[in-house]
Amino acid sequence: MEQRYDPKTIEPRWQQVWEDTGAFAVKEDPSREKYYLLEMFPYPSGRIHIGHVRNYTIGDVVARYKRMRGYNVLHPMGWDAFGMPAENAAIDNNTHPAKWTYENIDAMRKQLKRLGFSYDWSREIATCDPQYYRWEQWLFIRMYENGMVYRKESYVNWCNTCRTVLANEQVEAGSCWRCGKQVKQEKLWGWFFRITDYAEDLLEYCDRLPGWPEKVLTMQKNWIGKSEGAEISFPVSGADETITVFTTRPDTIFGATFMVLAPEHPLVQKLAQGTEQQFAVEEFVEKMARESRTDRLLENREKEGVFLGAWCINPVNNRQIPIYTANFALMEYGTGAVMAVPAHDQRDFEFAGKYGTDIIPVIKPEDTHIEDTAREQAYTGDGEMVNSGPFDGLHNRRAYEDIIQWFENQGIGRRAISYRLRDWGISRQRYWGAPVPVVHCPDCGTVPVDEKDLPVVLPEDIDLLEGGGSPLSSHEEFVNATCPACGATAKRETDTMDTFVESSWYFARYCSPGYDKGMFEPGAVEYWMPVDQYIGGVEHAVMHLLYSRYFTRVLKDLGLVSFKEPFTRLLTQGMVSKETQQCPEHGFLYPEETQYRDESVFCRKCGRPVQSGRVEKMSKSKKNIIDPNELVEHYGADTVRLFCLFASPPERDLEWSEQGVEGGFRFLNRIWRLAGNWIPRMENEPSYDGAPADLEGETRDLYIKAHQTIKKVTDDIEARFHFNTAISAVMELVNAMYGLESQIKPQAADSKTAAVMRYSLETAVVLLAPMVPHITEELWTALGNKPGSLANTQWPVYRKDALTADTRLIVVQVNGKLRGKFETEAGADEETIKQQALADENVTRFIEGKEIKKVITVKDKLVNIVV
RNA sequence: GCCUGGGUGGCGGAAUAGGUAGACGCAAGGGACUUAAAAUCCCUUGGGGCAUAGUCCCCGUACGAGUUCGAUUCUCGUCCCAGGCACCA
C-alpha cells in the first residue's frame, strides 16, 4: 500500500479491472432475485454536468448496495439522442446532427467511465439508432391499427419568416428567438396519441404507487385534472345551432347570464358573421392568434373579450343571454364553451363587472340576505337555492343531483366528466427525430408503412433549415413513396416524433437491447421489468413519468407485456442550480466568457457589465453548468462522488458551491492514513466478531460504535437514501478510531484491540464501498482480501447486543425549558428519574417556592416539570 | 396566474413518532509541529448578557398568529425562492 492516497493511479486501475472482468454485466437468472435500478438517461449535450453526476452517483450507490445485498442487479445506461439541440448545433457549426450526437456520446461515455459507475455497458442504447426507433415505428403502426393514434388540426407557434414551428421555449416575448419576428398561432395537422382514453386508469393508479413520492402523485393527479359535472346544450337564438358547455356547477345554471366561447371555437366567426360586431370579433380573434400560447395562458392577464352580436337561450328559464368570446376560455378544456355565472364564479364576476352583464345570485349563504350575495366578489360556497324556479329552497348540493336528473329527463344535458389532460400531440416538423411511419396516398388516405419495410430510416443527406424547420419535406427521395395498400404513387409523412416517445419505453428496451425480432425479448422483459427503483430529476415529475406510465399501459393492452406500471419505486432528486450570467448584448454567458475586474463581472466579447440572474436549474441553454472534469482531475472520482452525496439529501435542491469538496478529500485521506498505520499491526489478526461484553473501555466503545454505524448507514440507505447522514456516521466512526489511536498506538496494541480495530476499519471500508468504490477496493485489497472482490462482498450485519450503551441521558425541563441533564441506567423507571430530576441543583433553583402542577416523564428520555 | 415543493449559524446541512436546535463537514480565528511552507494534530466558533464566567441567563429554525406541559416538526395566514405548465429534455 502506497504511503500517499493517489486517486490518479488507483482509479483507472480499478476501472480497468471492472471493464476487463465485465464485473457489472448481468443476465437473467430465475434462481436469483432481480433488482432493476435505473437513472433517467441523459440527453447527449456534449458534456455531463454536476447534476448528472449527482443523479448517477445516487443511482450507483443504490446499485452497488443492492449487489452487496445479493441481488441480481440490472443497471444500464444509454442516450436520449434525438432532439432540437443537435439540429441547432449542426446549423451553428455546419455539421450533421448525427455526427454531433455520436461525438457527444463518445465524450460523455468517457466521462461517465471516469466516475466509476457500475453500468452494464454491454446494454448501452442510443435512441437515434435505427435499430431502436425501428421498434418505436413498429409500435406506432400497432397503435394506429388499434385506433390509439389519430390525426387532427391544432394550433402551434408559427414563425412566418423562418417558415417553421417554434417550441414555446423558442418564443421570446412573443417573437421568434432567431429572427425576432412576431410569432403567430397557426393551425397545423398533426398526429396524436389518445392518452385521454387512459386518464381514469392513470388517475386511479396514483393511489396504488406506494413507492412514489406523494408530491409527484399529487402533481400527476392535478395534471390529469378530473372534474365531474354536466354537459348542457344552449340553443342559439334565431339560428340552427346549439352550444354545448361543460360545467362543474350545474346547480348554478339559473344564474347563467352570458356565454363565453374560446376564440378558436368554430362558432365564433360563424355567429358574428353579418352582425355589427363582425369586425370587432375578427379583430379580437386575430389578436388572440398573435399571442403565443405561453403568454395567453401563463401571465396574469386582464380578462378581455368581445360580444359576438348573438344570443343563446338558457334552457332552464328561456332567458336570452349574450354570447362573448374571451381570452380566458380555452378550446382545449371541456367543450371550449363556458356558461358564465358571475354571481358564483370569480372569473366570470370580474368579466361581468368589466362588460356590464347581469349578475343574478342563485345560491344564498346561510344567515345572509340575498341582496348581499355576490356584491364584492363571487360567492363560491354552498347554500340555499334561490331564483331557481322549481329548485328554490333546496340545498345546492342536493339540487346539483336533481338538476342533472332533470336535464337528462328533458334531453338538454347529461352527467359528464371532464379531464384537463389532453391528447398527446407527437408530431414535430423537424429532422432529428424518429420518422412517423405513414404514407399519404391520394386514394387510400393515410396508410401505415408495411412492417417489413421498417425502419423508415432518416436520410443522411439533408439540408438543415435555419430555424429548425422540417428539411424532410424537401428531400424528394424520402418523400416520394408508393402506397403500401394500392401501390400508387404517394407521399411519405415528414413529421418526426416527439422525443418523449423514445423515453417512454427505453427502460424496457434495456432488458434485451439487441433483440431484433421485436421491441423486446419476452422472457427478458418479464424477468427484469418493472424497474424496481427509478431515479431522476423532479422536473420530470409530470410529463416524462406520465407518458411512460401511459406507454406501458399501451404495451400491456397490445399484449406485449404483462404489467402496466413501469416504475415500482421512484426517487425524484432535487435540482442542482446555479446563478445565470447574462450580457445585454450576447445573452447568457459561460463563466469562461466573463471577466472579473474591479469586483464586477464583464462580458469578454463586448466589455459590458454582466447581470447576475436568478438561481436556476443547470442547463446548457442558460449556460450555468458546472463541468465535473476539473474536479475529477484535481481530487479524483471518489471525492467528487463523496461530495455530491454529502452535500445534501438527494431530494433537496442544491445551489452549487465547491465549498466542502476539500473536506471530502481530507476524509478519504484520513481513512487512508489510518489504514496505513494499522495494517502492519493487523496482518495476522483476524477481525473481532464476538460479543461486546468480552471487551472493555475504549475498545468496547469503538466496537459498539462500529455496530451502531452499520445500523445507521443501512437504515439511511434503505429507508430514505440519505447518504449525507450515512457518510457523517462513517466519519464519526473514523473519528472514534483516531480517538482510540491517540490512546493506544498500533505497535502497543494488544491482540483484542487490534482485532476490534480491524473490525472497525473493515466496517468503514465496506460501508463506504458503494459510495467511493475505488479507494475502498484498494483498501480492501490492502487489508488482505482478494483483489476486486469488494463489489460482491456481503453487506455487514450488526449485532443487536452491540447497539446500545447501558446508560441514558435524561433531559430535565422546567416548563418546557432545558434546565439540566443527567446520566442514568437504561430502563430506569419513571418514578426514579423523576426524583433524580427534582434533586438536580439547577432545577431546584427554578422550582423553589413554586407549586408543582404536573410532572411529565418520558422513559429513557426526559422529565418536564410544570410549575 | 395555476399546480407542486422549499426557507434552520458565515456556508452545505443534522434533529427518522411533538421531547437537549445546530450532529457531520466547510470556512474563519487561535495554538502545536517545522529553518520555512504544505500536510497533519489540538482548541474556539448562532446572537446577546453578567458584580457571580457558570452544569449560568435571555433571544433564536423566513414572518405573524394558534394548538400543546413542550413546536424546526402540527394548524391557519403572510412574504420570499425553486420546479412544472403540454413543441427544451
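Chain letters run A, B, ... following the sequence lines, proteins first, then strands; residues in each count from 1.
Between A:E662 atom CD and B:C24 atom C1' the separation is 17 Å, expressed in whole Å. A:M40 places its CE atom 15 Å from the C1' atom of B:C88, with the value rounded to the nearest Å. Here B:G19 presents its C1' atom at 14 Å from CD of A:E830, a figure rounded to the nearest Å. What separates NZ of A:K821 from P of B:G70 is a distance of 21 Å, to the nearest Å. What separates CD1 of A:I671 from P of B:G25 is a distance of 12 Å, to the nearest Å. To the nearest angstrom, P of B:C24 lies 12 Å from CZ of A:R670. Spacing between atom CD of A:E579 and atom C1' of B:C81 amounts to 13 Å, rounded to whole angstrom units. Spacing between atom CD of A:Q185 and atom P of B:A86 amounts to 11 Å, rounded to whole angstrom units.
Separation of the A:W424 and A:Y547 ring centroids falls under the 6.0 Å cut-off. Proximity of the aromatic rings of A:F646 and A:F723 is defined here by a centroid distance below 6.0 angstrom, and this criterion is not met. Aromatic rings of A:Y506 and A:W79 (six-membered ring for Trp) have centroids beyond the 6.0 Å cut-off, not under it. For A:Y133 and A:F82, the ring centers sit closer than 6.0 Å to each other.
Contact annotation for A:W223: base contact, defined as any heavy-atom pair under 4.0 Å involving a base atom. Note on A:F822: nothing from the nucleic acid sits closer than 4.0 angstrom, heavy atoms only. A:V615 comes within contact range of the sugar-phosphate backbone alone, with a heavy-atom separation under 4.0 Å but no base atom that close. Residue contacts for A:G820: at a heavy-atom cut-off of 4.0 Å it reaches no nucleic acid atom on any strand shown. As judged by a 4.0 angstrom heavy-atom cut-off over every strand, A:S427 is placed among the base-contacting residues. As judged by a 4.0 angstrom heavy-atom cut-off over every strand, A:L421 is placed among the base-contacting residues. No contact: A:G574 has no heavy atom under 4.0 Å from any strand.
Under a 3.5 Å cut-off, the side chain of A:N815 and the backbone N or O of A:V867 do form a donor-acceptor pair. Proximity of a side-chain donor or acceptor of A:E87 to a complementary backbone N or O of A:W432 within less than 3.5 Å is detected.
The gap from the C1' atom of B:G48 to that of B:G9 amounts to 15 Å, rounded to the nearest Å. The same atom, C1', is picked in B:U8 and in B:U72; the two are 7 Å apart, to the nearest Å. B:A51 and B:A62 are spaced 39 Å apart, taking the C1' atom of each and rounding to whole Å. Using C1' as the reference atom, B:G10 and B:G46 are 10 Å apart when rounded to the nearest Å. Annotation: B:U61 and B:U73 have their P atoms spaced 9 Å apart (nearest Å). Nucleotides B:C80 and B:C74 have their C1' atoms positioned 23 Å apart, rounded to a whole Å. Between B:C41 and B:G47, the two C1' atoms lie 30 Å apart (nearest whole Å). Atom C1' of B:C33 sits at a distance of 48 Å from the matching atom of B:A71, rounded to the whole Å.
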*asked:* Would A:E186 and A:K184 count as a salt bridge (Lys or Arg N to Asp or Glu O under 4.0 Å) here? Give the steps.
replied: CA-CA 6 Å; A:E186 281 288 330; A:K184 230 189 141 218; 3.8 Å; yes

*asked:* Evaluate A:E502 against A:T127 for side chain to side chain donor-acceptor pair (under 3.5 Å), listing each step before the verdict.
replied: CA-CA 6 Å; A:E502 284 90 66; A:T127 58; 4.6 Å; no

_Set out, in order, the CA-CA distance, both residues' side-chain angles and the distance that settles side-chain contact (heavy atoms from CB on, under 4.5 Å) for A:M84 and A:R430, then state yes or no._
CA-CA 8 Å; A:M84 253 188 347; A:R430 301 187 209 289; 3.5 Å; yes

*Once each nucleotide of nucleotides 4-14 of chain B is scored for protein heavy atoms under 4.0 Å, what B/S/- sequence comes out, 5' to 3'?*
SS--B-B-BSS

*Reading nucleotides 54-65 of chain B 5' to 3', which nucleotides get B (base under 4.0 Å from a protein heavy atom), which S (sugar-phosphate only), which -?*
--SSSS------

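Taking only side-chain nitrogens and oxygens, A:T499 comes nearer than 4.0 Å to OP1 or OP2 of B:A89. Residue A:K617 places none of its side-chain N or O atoms closer than 4.0 Å to OP1 or OP2 of B:A89. The side chain of A:R666 contributes no N or O atom lying less than 4.0 Å from OP1 or OP2 of B:C41. For A:R4, no side-chain nitrogen or oxygen approaches OP1 or OP2 of B:A39 to under 4.0 Å. Close to B:C69, at under 4.0 Å from its OP1 or OP2, lies a side-chain N or O of A:K854.
Against the 90° criterion about 0, the sugar-base torsion of B:G9 places it in the syn range.
One side chain, A:Y635 or A:E662, offers a donor N or O that lies under 3.5 Å from an acceptor on the other. Checking A:W212 against A:Q220 by side-chain atom types alone, no donor-acceptor pair falls below 3.5 Å.
Cation-pi check for A:R819 over A:F846 is met; the charged atom lies under 6.0 angstrom from the ring centroid and within 45 degrees of its normal. Annotation: cation-pi pair A:R420/A:Y333 absent, no NZ/CZ under 6.0 Å from the ring centroid and within 45° of its normal.
A donor-acceptor contact under 3.5 angstrom links the side-chain atoms of A:Q429 to the base of B:C87. Put simply, the side chain of A:R430 and the base of B:C87 share a donor and an acceptor less than 3.5 Å apart.
In A:K853, the NZ atom is not crowded: 12 or fewer heavy atoms of neighbouring residues, nucleotides or ligands sit closer than 6.0 Å. Summarising the local packing, NZ of A:K221 is surrounded by more than 12 heavy atoms from other residues, nucleotides or ligands at distances under 6.0 Å. Heavy-atom neighbours of A:E153 CD from other residues, nucleotides or ligands within 6.0 Å: above the threshold of 12.
Between A:V811 and A:R420, the residue anchored closer to the 5' end of RNA chain B is A:V811, taking for each the nucleotide with the nearest heavy atom. Closest-nucleotide positions on RNA chain B for A:A81 and A:R673 were compared, and the one nearer the 5' end corresponds to A:R673.
Of the residues in residues 857-865 of chain A, those placing a heavy atom less than 4.0 Å from an atom of RNA chain B are A:K861, A:L862, A:N864, in numerical order. Contacts between residues 538-549 of chain A and RNA chain B, defined by a heavy-atom separation below 4.0 Å, involve A:E539, A:H540, A:M543, listed by number. RNA chain B is contacted by A:M731, A:E732, A:N735 of residues 731-745 of chain A, taking any non-hydrogen atom closer than 4.0 Å.
Between A:L668 atom CG and A:Y5 atom OH the span is 4.5 Å, to the nearest 0.5 Å.
Among the nucleotides B:A27, B:G83, B:G19, the one closest to any side-chain atom of A:I856 is B:G19.
Salt-bridge annotation for A:R614 and A:E616: present, with a side-chain N of the basic residue lying under 4.0 Å from a carboxylate O of the acidic one.
Each side chain to side chain donor-acceptor pair (under 3.5 Å) pair with one or both residues in residues 664-675 of chain A, not counting sequence neighbours, appears once here: A:R670-A:N735.
In terms of heavy-atom proximity, A:V183 sits nearest to A:C176 at CG2-N, 3.4 Å.
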